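First the structure, in the form of structure tokens, and then the observations on it.
Note that the structure is predicted; figures quoted are calculated from it, not measured.
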Amino acid sequence: IDANSLYPSLEEIADEELLSQKDSLLLLASAFPKTDLAIPQEHAIHRLQNFFYLQRFFVEETRLIQGLTSHLANWQGPKIDRQALEHRLQQEMNCLTKEQAKAIVEGCTQPIFLLTGGPGTGKTYTASLLIKHLINGLSKSEQTSFCIHIAAPTGKAAMQLQKTLQKALGFAHTGVKIEATTLHQL
């Protein structure tokens, strides 16, 4: 830790100055250098307006935001007909919950999609149907150049998810690639 980045705690400031918590926070905030979104100075703690970050997390979050912003600005993904997809899913509602159907529609029509849930909630089943409907909306030439990135908390879980999805969908015939990784490698 850089010695220049160590500042007194809120309690120390409040005890010494007999200030309210709000005043203590404002005083503490004024002790940190203000910087813009550029990768900042070499301090352990980084201040952005009145928000405080550990330096490492600020840098990583900044890079994530920049990457997502770039992806969203340049996204030219498949143009899936939302209404046609919803109509097809209506025919499968005996096998899907409303939440799963909504997840499939959002996953097929949005540039970024995260599917989360507890154990046994149907994430893999939903993901396989989502991918199936996404692929069905692509032309043959789009299918050969299309790549799906999936992530899980561990490498073992990511590989198991990849294997399960490939088996469920028969990917050998489509040419669509599934790349599995951990959440940290995304």
Side-chain angles (χ1 to χ4, degrees), residues 1-17 19-80 99 102-119 121 123-124 126-127 130-131 134 142 145-166 176-186:
I1 295 176
D2 181 346
N4 294 328
S5 67
L6 298 176
Y7 292 92
S9 70
L10 285 176
E11 293 82 18
E12 291 171 327
I13 292 172
D15 288 344
E16 189 174 305
E17 302 290 331
L19 300 171
S20 71
Q21 185 175 3
K22 179 180 177 186
D23 291 336
S24 295
L25 288 171
L26 291 174
L27 182 60
L28 182 63
S30 68
F32 286 87
K34 288 186 177 182
T35 59
D36 59 12
L37 280 179
I39 303 304
Q41 307 143 6
E42 300 298 322
H43 289 288
I45 297 176
H46 176 77
R47 175 181 181 201
L48 178 65
Q49 298 169 358
N50 284 332
F51 297 98
F52 297 89
Y53 299 84
L54 290 175
Q55 181 70 15
R56 175 178 169 221
F57 296 136
F58 178 81
V59 170
E60 293 302 321
E61 287 181 29
T62 300
R63 287 181 182 151
L64 175 66
I65 290 167
Q66 291 168 344
L68 289 173
T69 302
S70 174
H71 176 74
L72 292 172
N74 299 314
W75 187 65
Q76 296 182 5
K79 306 295 184 237
I80 304 294
E99 292 83 7
K102 182 179 179 187
I104 291 168
V105 170
E106 295 302 315
C108 288
T109 58
Q110 300 300 315
I112 296 173
F113 177 73
L114 301 174
L115 179 62
T116 65
T121 57
K123 295 179 299 296
T124 302
T126 303
L130 187 157
I131 294 168
L134 184 60
E142 288 175 317
S145 63
F146 202 70
C147 185
I148 296 169
H149 297 267
I150 57 173
T154 66
K156 184 176 180 179
M159 295 308 292
Q160 182 62 36
L161 179 58
Q162 179 183 28
K163 187 185 289 185
T164 302
L165 289 174
Q166 287 175 332
V176 173
K177 296 179 200 117
I178 294 183
E179 293 185 3
T181 187
T182 64
L183 292 169
H184 294 92
Q185 291 175 328
L186 271 180

Is it true that a side-chain atom of K123 and a backbone atom of G117 form a donor plus acceptor pair closer than 3.5 Å? yes
Does S70 use its side chain to pair, donor to acceptor, with the backbone of G67 at less than 3.5 Å? no
Hits for side-chain hydrogen bond (donor to acceptor under 3.5 Å, both in side chains) against E106, two or more places apart or cross-chain, chain-then-number order -> R82
I'd like to check the side-chain hydrogen bond (donor to acceptor under 3.5 Å, both in side chains) partners of T181; sequence neighbours left out, ordered by chain and number. Q185
Give, for atom OG1 of T124 and atom CG of L115, the distance between the pair rounded to the nearest 0.5 Å. 8.5 Å
CD1/I148 to CD/Q166 distance, rounded to the nearest 0.5 angstrom? 10.0 Å
Sequence neighbours left out, what passes side-chain contact (heavy atoms from CB on, under 4.5 Å) with I112? Give chain and number order. L68, H71, L72
Are L64 and E60 side-chain neighbours, meaning at least one heavy-atom pair lies under 4.5 Å? no
Residues that E179 engages under salt bridge (Lys or Arg N to Asp or Glu O under 4.0 Å), provided they are two or more places apart: none
By ring pair (Phe, Tyr, Trp, His ring centres under 6.0 Å) - contacts of Y53 (at least two apart): F58
Nearest heavy-atom pair of G107 and F113: which atoms, and what distance? CA-CG, 3.5 Å
Taking every non-hydrogen atom, the tightest pair across I80 and T109: O-CG2, 4.2 Å
Between side-chain atoms of residues 149-162 and protein atoms elsewhere (two or more places apart, or another chain), which donor-acceptor pairs fall under 3.5 Å?
{"unit_1": "T154", "atom_1": "OG1", "unit_2": "A157", "atom_2": "N", "d": "3.1"}
{"unit_1": "Q160", "atom_1": "NE2", "unit_2": "T164", "atom_2": "OG1", "d": "3.3"}
{"unit_1": "Q162", "atom_1": "NE2", "unit_2": "I178", "atom_2": "O", "d": "2.6"}

